[in-house]
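All remarks here apply to the structure that follows.
Protein chains get the first letters and strands the later ones, always in sequence-line order, with residue 1 at the start of each. Computed from a prediction, not measured in an experiment: that's the story for all the values here.
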Amino acid sequence: MIDLKIVPQKPAVIEGYENELHALVKINKEEATNNLRTNGVPLNIAIVIDKSGSMAGRPLEEAKRSAAYIIDKMREQDRVAIVAYDDRVDMVLPSQKVTDKFRIKAALEHIHSGGATDLHKGWLTGAEEVARNKSSNSLNRVLLLSDGNANRGEVSPINIQNQCGQLAEESIVTSTYGLGFSFNEELMISMARSGLGQSYYGETADDLLDPFQEEFDLLINTLAWNIRLTAEVPDFVKLELLNKSKTVSGRSNTWHLPDLAEGGDVWALFKLKIKDQNDGLQKIEVLRCNITYECKIDDQSKKQSVGPVKLIIDRVSPTAFNAISEDEEVKRRIDELLFAGLQERARMAALEGNWHRVNEILNESRRIAGSNEWLNESLGELTKYAFRRQTDHFSKEAMYSSEKMRQRLSSHDELASYSYSPSEEFDKKAYLRRKIARGKRMG
Amino acid sequence: MNKLQDEIHWEGSTEDFALLCEKWLGLKNIAPGKSSVSIRLVRDYVARGILDKPIQSGKEVYFSYKQIVQFLACKHLIDEGYSLRRITDDIRLSDIEEIRSWIPGETSDRALGLINKFKKASRYEEDRSTEYSLASMAPEYDKKEILDRLESARAPSSYHERTKRRARYKIDQDPGTFNQYFDAVKEFDKDFSKVIKQDLTAIQLKSWLILFIDRLKLEGLTIEEAEEIGEAIKSALINQAKLPDRDTFMKKDK
């Protein structure tokens, strides 16, 4: 049902040397699979809206509009709860089936802006509603929206992110939506990262609907979830996962991967350091991977596994090695992750006010982007913020962009060319679109 | 599966209680094939403190829902291999919802338990600032019900955790389970891979530290016992400066 492949950067290493080799793990739906379906997985969602004073006016109205969008798209088998919070938490609507959309959306009108931001309690109340109503078959999500920082109740980012992580282990996933430029992007991204959800932001209220659409598209097109990748290597190979995915608690070589959705590939990029054993063998096994995942089969959520899939490569002479060309897709993923790493470094430099260093890093990023139009376009936004010395703008865009590059689903048709066209991206499902500015709506 | 909460308003005599417990043991498939629940057994459990004392009314005594939960949990934990003394202690220290969560099919959701724990850590218990502005609009719950539900969430029980973890750590034929155990052990020392493949009668942790464990006992080792061994090792390692060297220790042991 699900296909697991390992694609090496080159299918060989140089004999007698220490080699560095990248290997791309790809997970997608098998071509001939008919019984892996997206429709019918019931959703169990809590929408948690910040109604603190700073949200007054347009932001709160857009937040409500985004919530209404989600409700409109939900089906009768789905459940939704609505929570609003400032320094107090308002249970606007306890979790219930989406059988009367008019009534549910009417509840949104009772949210009015108020005081400080007890983000943790708002999130926790939403999580509680989801927890009370989760079933083994449902996809459970807390969608947390905030334009500020946690300044009431539990404010420790480490505690909050740990709690998100613990609930994610119980299948309650947290996605976060930052609005504007005053929210704490590190907190919001770490909550989503630990909570195994998505992280989004919108620069203005107008940009808010886009990420909600993306999340909803992803939810209703999810084919497999709770995907865990396990890798094993022999003693002479050192392994590093470059996506910075979260490891499964207590398992150093098992990682949580993003959910697989229709039309997309889940991927993970390993860097292998291989010390050649000089044992005379022509072929050597350097990596072995397994995955486990959950999917809906015959109306039941079932745990499945695939693997082991082995990566066996040739030991060749330096001349023969140089004659082998690199796999194009692996090369692109390497570039994207290098690019993501540079964005992160540029962000740190921007936060220190070292704009000279920021420009150096952006130039280095340009070199890596090469002819990849998407990466080049992405740089445009950051260059603009750097030119204007807009630290908050730069910090948020760089952080969300690098996070997305590491955790995104790639679409099947990306490899066709290096060109990038916003209109072509717009035709894709929202979760497969490559945006050039994470905080801005497309189109 | 039938839920024990269906009996929440039940009250009855010792005889009725024994019959009802017998019925629930069957429904929950606890202690299958074991002897029936006798009045003598019920009295014994009351005397041991496993069951709360029944309410006395004149010459009659009345049992209730609470004792049904205690009885079934006790029987289930006996099945799981825990000692009566241990069970008694834990039942005395736990509230009824927590005890109920130890019974198969009665699990109070672990996620809710975690959420309750987070709330306690953030001192939200005293601060009941969650408002239910539109609870009346929600067809499925009223305000009181919501508040009751908030009250009912409990942290995951230590028992529940232990029994779950114990099951998880059992080395069955399932290679996945074995790998999980193996990974945990591997973190101590890579050489363990060789030891694990042999008959597990002795586990060498360091050159001077060897655990001698009866093979049969090792097969039934609970996570709790394993943790105790771990604690002992930790204590030994921390206090190693005060320990005699191995030869002296072995001679002394003889």
### Query
How far apart are the closest heavy atoms of A:L167 and B:A111, and which atoms are they?
CD2-O, 3.8 Å
### Query
Considering all heavy atoms of both residues, which atom of A:L124 and which atom of B:K119 are nearest to each other, and what is their separation?
CD2-CG, 3.6 Å
### Message
Just verifying a value: how many Å separate B:I115 CD1 and A:I172 CD1, rounded to the nearest 0.5 Å?
### Response
5.0 Å
### Message
Could you measure the distance from the CG atom of A:N159 to the CZ atom of B:F118? Nearest 0.5 Å is fine.
### Response
9.5 Å
### Query
Mind checking what makes side-chain hydrogen bond (donor to acceptor under 3.5 Å, both in side chains) contact with A:E285, not counting sequence neighbours?
A:R288
### Results of side-chain hydrogen bond (donor to acceptor under 3.5 Å, both in side chains) for A:D86 - residues two or more places apart only
none
### Query
For A:K101, does the NZ atom sit with more than 12 other heavy atoms under 6.0 Å from it, leaving out its own atoms?
yes
#### Entry: Exceeds 12 heavy-atom contacts within 6.0 angstrom, atom NZ of A:K302
yes
